[in-house]
There are 2 protein chains.
Amino acid sequence: MSASQLHPFDTLTPGEIQLGAAILRKAFPGVALRFKRIDVLEPIKKDVVPYLEAERLGQPLPTKPARLLFSYFHRLDTLGFFKAVLNVETRRPVYIKELPKDVQGPADVDELIEIEEACMKHPAVLAEIEKMQLPAGYTVCNDPWIYGTDSATETRRLAQCYMYIIEVDHPQSNHYSLPCTFSPVFDQVTKELVRIDYLPTGKDAKTQPTQPWKPVKCVQYAHDLLDEPTRTDLKPYIVRQPEGPSFSAEGQEVSWQKWKFRVGFNNRDGLIIYNATFDGRQTFYRLSMSEMTVPYGDPRKPYHRKQAFDAGDVGFGITANQLALGCDCLGHIKYFDGYRCDSRGNPVLLKNVICMHEQDNGLQHKHSNYRNNEATVVRNRELVLQMICTVSNYEYVLAWIFDQAGNIEHEVRATGILSTMPIDNDGTTVPWGTIVGPGVMAAYHQHVFSLRIDPAIDGHNNTVFYEDSVPIPVDELNTYGMGYTTEKTIVKQAGFADLSVERNRTFKIRNDGKINPISLKPIAYKLHAAPSQMLLMSADSFARKRAAFSEHAVWVTRYKDDELYAAGEFTNQSRSDTGLSVWAARGDDTENTDIVLWHTFGLTHNPRPEDFPVMPAERISVMLKPDGFFTKNPALDVPASNQSFNRSTLHEESKASCCGPTANL
Amino acid sequence: MSASQLHPFDTLTPGEIQLGAAILRKAFPGVALRFKRIDVLEPIKKDVVPYLEAERLGQPLPTKPARLLFSYFHRLDTLGFFKAVLNVETRRPVYIKELPKDVQGPADVDELIEIEEACMKHPAVLAEIEKMQLPAGYTVCNDPWIYGTDSATETRRLAQCYMYIIEVDHPQSNHYSLPCTFSPVFDQVTKELVRIDYLPTGKDAKTQPTQPWKPVKCVQYAHDLLDEPTRTDLKPYIVRQPEGPSFSAEGQEVSWQKWKFRVGFNNRDGLIIYNATFDGRQTFYRLSMSEMTVPYGDPRKPYHRKQAFDAGDVGFGITANQLALGCDCLGHIKYFDGYRCDSRGNPVLLKNVICMHEQDNGLQHKHSNYRNNEATVVRNRELVLQMICTVSNYEYVLAWIFDQAGNIEHEVRATGILSTMPIDNDGTTVPWGTIVGPGVMAAYHQHVFSLRIDPAIDGHNNTVFYEDSVPIPVDELNTYGMGYTTEKTIVKQAGFADLSVERNRTFKIRNDGKINPISLKPIAYKLHAAPSQMLLMSADSFARKRAAFSEHAVWVTRYKDDELYAAGEFTNQSRSDTGLSVWAARGDDTENTDIVLWHTFGLTHNPRPEDFPVMPAERISVMLKPDGFFTKNPALDVPASNQSFNRSTLHEESKASCCGPTANL
């Protein structure tokens, strides 16, 4: 498919990866390059909007915006780190620039494998392993970890390798259950060992040289490694859609129940929703999870550096699982693929990284007239777009869920395996973590997400305001003290705001130019936020400085191209935020203009033993709901729920047990 | 079935209703009685626990506790209001007592119909209707409303009838769209008209005599009254369980995926969960929605009295919808029935008031080993027990949802129709409500629930505490300011506490007598609370005084029989709380003893136009999660999710669209 055939929001093609690599090789003749990223650059908004509007209104299509790629790469001679923007049509660079020495690009797959291998064969590491005197059959592996930050001057690209014991030769042996007490640090560019850190295992920060391992039982999660048998009393639950799904997909454009949008994907955000319209009306220009940071609360070295930015340091796109039919989704499934480049600039197919399916989510609305018991019942059919990202030990299930009443939900499920630390198996406990198995502790930590909401509520000129519910003073009108009302605060300049459960603070995005003829107020969508604890680390900590977005629940910025990621473009070993706090500080006018709303929410995760060895999903959900966007419930025209449509089955015992109580006393 | 065959938690039988009425008639020879309630009295806990324990442990069963009924009734000669407790085995009253004049019992179905009829035929009401000069074909109806409270001396039992215009002779014509401007007040005992209130229709409290109605279009919700056609692009979504459900039910005892519990039902609570055990271990003795209050924020007379206690004033049980296969639930459904008495003491079958079915709720846990992409995936099968209550205009969908990882969720969905007020159709707006249709306003209001959680975490001696996540001061150990820990506060005496999102405050119920061998802490369950705004009405208002439970998110009391309902036993026209605030004020010792945890949560509902004419369900959810109750994830043994079990379908277009981007550039 040529660039001119692609839609501006279409994802990267393998040919584009090859082209990008070729353009850059040509720009550096004779120089070996190592590619970290080649991906599509978001189209310039002002250039793409006329195209989208013509599409939406069925008008002749104007020229498409330029198709641009970007790349992060290293020169292997100078080891310099570069960013380039490339034009697909002209096959030329728009610019190539070398980045400062202290800027680290994200981890890439090849790099992680290289470090893992370098670590496993390094003599000093092998010597430490030897000291553990492991029983026969036991082996060792390592997870190279994002190094985090504890220095304002470090410019090396470092990896902290956490080492674990593998109990059994099985692809799913849970090494996280058996952490070692030493942790080598490698230079990721030179592949040299920088030092070996020793991990504290007692109540305090004391460490000791590697000791012979005292065997404990590994807590396994894989079914064929469990001591207990698999349950046999779970019966199949099968979803049938005999007439097919209610959605249709043409390339990346999806239509479903008055919704129309494009499914986007890139290496960093993973799943993106573009240009969502309901019944032909614009709602949101772009929706994505922009960042997530996970700082750990164990203050001891080297854990004080444990802070990952899972999107910026690695990427939800490149860690997205390749999903399998019947495993990750239920029902009638459509999959979308993506691509990434490898370090040599070759395309790698990311098959089935996004799944799309419908689900039934109970009742959407019901009313019975109690006089005659005549009821109108409408079920809540939803369309789910989901990706599942494995970032080393953890899994994140990130889903955008559309419903028939104009609602868009973003649901996060945190699952996978806790990041673990060794602890003396002698009754030792620590105040910053939970013992989750013999000799293994999981430190308290936080997951703080930043959801980026780029609205287009009937157009791009929008205003964010918040509404608090407050008592009306007791006065002549409010004699009995029952009255309450709302107080509105308009976010007139870029900045941040906090939630307030006590005041039922609700953030809304309105279009001042369109008045709802029923409510007589501007049309709007509201954010059903997830009230969450903000970052617990000290204000002076690198954790806070790097993740300023995690200090406030809501941020509003004026739209600018390239301002996509809450903690800034480069987060790996960053020392300070180069994202939201910088953009908000400009104090741009944000009233009745093109703005972006960012919502910070998350989990303070103080692990339970039940979260190990693999964690039952912890769900958090955020919703975008029409608030006077429509003149009435937009789902009224959804067909009634009835048996001829739903074909439910009556439980056989039902009759028998009903008869029980009716028999005479 | 004789009483001795019934399980202590079995619901009321029709024979018991007849027996109860007979015992009371015998106690008042020659006196006509009007029955408001005949229902089962909860068994005395100390008497039933040995029976439950013997059952659980498979030991010989001791004598059952006495089977007791209770009744609320009026003598029709003196009009006195009584409460009686009756012994089913001895067929005698335990006691009969007349209640004070200011105590009003709950509304009953016959009474509501009688008032509705009395109102519709009263000459003064007919005269008001006449004044509206309605067009041909238009009729009028009324919803008798709970009177609320604005007087410390009122002892009459009153009903405020809100009047509405019916546009079309159809059982689902939405009269709430066309409210009249007058509201008759009736004495519910004498059926006499007390007065007619006139409703303000402008910006202030001014009222005027009934005027000729200025026709506006009714906003209808029933499919055959809509202007727009029903959507035709929604395809069937059918759940098949070819091997039957994973649950089994013997009478009211349900077994499912290591859970075992009894499904209870009474006229007030509706659905109750009794004696839930997981894998034979006790978790909760009794779970139910104890109360809900809905005060309205329009301060003007007579709206200042709009405060309903939907459980206490009416009853979730008697308002529970009789559910129909394929309408209210999807899949393989078991129904449970209930009974109520009518005003003459006859049993009335409440058929299918509770439904039970399984549902698939996405992923329960997943982990992929990124080295080899070998994944363990377990889906989240849930068991749902649901009732849907219609309280005049509103619907509440109340569900208890069990999962395979030891979690119990309580989900509330608010749907149905807003309580509406007339408003001048001339651009008038008010600061305490939203215009939701031509000439119709929906006032801001709150729904505040009290969930009653009677725990038995491995036994009945439990302790509630809360845990805040707080930074560790920067010191020698916490050099980099990354550390955080938890602060525990034990609720040693009955009382209340507030949530704190800022501190991630988490309430837990532990058994001090059992230490988890892995975490080395007492076994516990935690409450995943729903942080909500508390009541907005002034501290001096009757609304606050009557619903003291709505002032704090968490209450802890020492268990006492008969202390079941957060706002007290009698809420109708109550002047003050006789529930939680009274019981908590005793300051009982609540450490390591039989305690009850109450959670207040709710919705501040400032209506949207989209909430009319019938409201897309607004969901709130509370969870009870094991927290060191198990030594590891209790769902590990759930079978893996795979295609041979789930039989999903691949979307046909999938291949075609995937090929797009893979074609060469």
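Proteins come first, then strands; the chains are lettered A, B, ... in the order of their sequence lines, and each starts at number 1.
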- Measuring from A/R647:CZ to B/R240:CZ, what's the distance to the nearest 0.5 Å? 5.5 Å
- Would you mind telling me which of A/N407, A/N516, A/T631 has the largest number of heavy-atom pairs within less than 4.5 Å of chain B? A/T631
- Message: Could you check whether any side-chain heavy atom of A/M615 comes within less than 4.5 Å of a side-chain heavy atom of B/H365, counting everything from C-beta outward?
- Response: no
- Please examine the side chains of B/K632 and A/P613, heavy atoms only from C-beta on, and report whether any two atoms are closer than 4.5 Å. yes
- Query: Do you know which of A/P295, A/P471, A/A222 has the most heavy-atom pairs with chain B at a distance under 4.5 angstrom?
  - Reply: A/P471
- A/F629, part contacting chain B, at a heavy-atom distance under 4.5 Å: both
- Item | Distance-only donor-acceptor check, side chains B/Q322 and A/N373, under 3.5 Å | no
- Message: Just so I know, are the side chains of B/T376 and A/H223 near enough to count as touching, which here means a heavy-atom distance under 4.5 Å?
- Response: yes
- How about B/N478 and A/R300: do any of their side-chain heavy atoms sit closer than 4.5 Å? no
- Query: Hey, mind stepping through B/N606 and A/T486 against side-chain hydrogen bond (donor to acceptor under 3.5 Å, both in side chains) and telling me if it holds?
  - Reply: CA-CA 9 Å; B/N606 306 338; A/T486 49; 5.6 Å; no
- Message: Nearest 0.5 angstrom please: A/C329 SG to B/L363 CG, how far?
- Response: 7.5 Å
- For residues B/E610 and A/P626, report the shortest heavy-atom separation together with the two atoms involved. OE2-CB, 3.3 Å
- Task: Mind checking the CD-CG spacing from A/Q643 to B/L330? Nearest 0.5 Å is all I need.
- Result: 9.5 Å
- Note on the structure: Assert top hit (heavy-atom pairs under 4.5 Å, partner chain B, pool A/D204, A/V474, A/L636) equals A/L636
- Query: Which bit of A/Y237 comes within less than 4.5 Å of chain B, counting heavy atoms only: side chain, backbone, both or neither?
  - Reply: both
- Enter the distance from B/R413:CZ to A/N380:CG here, rounded to the nearest 0.5 Å. 6.0 Å
- Task: Measure the CG-OG distance between A/N504 and B/S532 for me, rounded to the nearest 0.5 Å.
- Result: 8.5 Å
- Determine whether A/R371 and B/C141 make a side-chain contact, defined as any pair of heavy atoms from C-beta on separated by less than 4.5 Å. yes
- Message: Centre-to-centre under 6.0 Å for A/Y480 and B/F542, is that the case here?
- Response: no
- Of the backbone (N, CA, C, O) and the side chain (C-beta and beyond), which part of A/S392 lies under 4.5 Å from a heavy atom of chain B, both, or neither? both
- Message: Please classify the contact between A/V397 and chain B as side chain, backbone, both or neither, with a heavy-atom cut-off of under 4.5 Å.
- Response: side chain
- Task: Consider only side-chain N and O atoms of B/Q257 and A/R231, and report whether a donor and an acceptor are under 3.5 Å apart.
- Result: yes
- Pair count under 4.5 Å, heavy atoms only, with chain B: among A/E243, A/E228, A/E467, highest is A/E243
- Within-4.5 Å side-chain heavy-atom neighbours: A/Y484 and B/W432: no
- Note on the structure: The interface call for A/L520 against chain B, heavy-atom contacts under 4.5 Å, is side chain
- Most chain B-contacting option - heavy-atom pairs closer than 4.5 Å, from A/N642, A/T479, A/D627: A/D627
- Message: Out of the candidates A/L325, A/V239, A/I238, only one should pair with B/S648 under the side chain to side chain contact (heavy atoms under 4.5 Å, CB included) rule; please name it.
- Response: A/L325
- Give the minimum heavy-atom separation between A/S368 and B/E395, together with the two atoms involved. N-OE2, 2.7 Å
- Rounded to the nearest 0.5 Å, what separation is found between the CZ atom of A/R608 and the CD1 atom of B/I518? 15.0 Å
- Message: For chain B, which candidate among A/S541, A/G416, A/S469, A/P431 shows the most heavy-atom pairs at distances under 4.5 Å?
- Response: A/S469
- Message: Can you confirm whether B/P236 sits close enough to A/Q241 that some side-chain heavy atom of one is under 4.5 Å from a side-chain heavy atom of the other?
- Response: no
- Query: Which bit of A/I417 comes within less than 4.5 Å of chain B, counting heavy atoms only: side chain, backbone, both or neither?
  - Reply: both
- Message: Are the side chains of A/V436 and B/S519 in contact, using a 4.5 Å heavy-atom criterion?
- Response: no
- Query: Measuring heavy-atom distances to chain B, does A/L536 have an atom under 4.5 Å in its side chain, in its backbone, in both, or in neither?
  - Reply: both
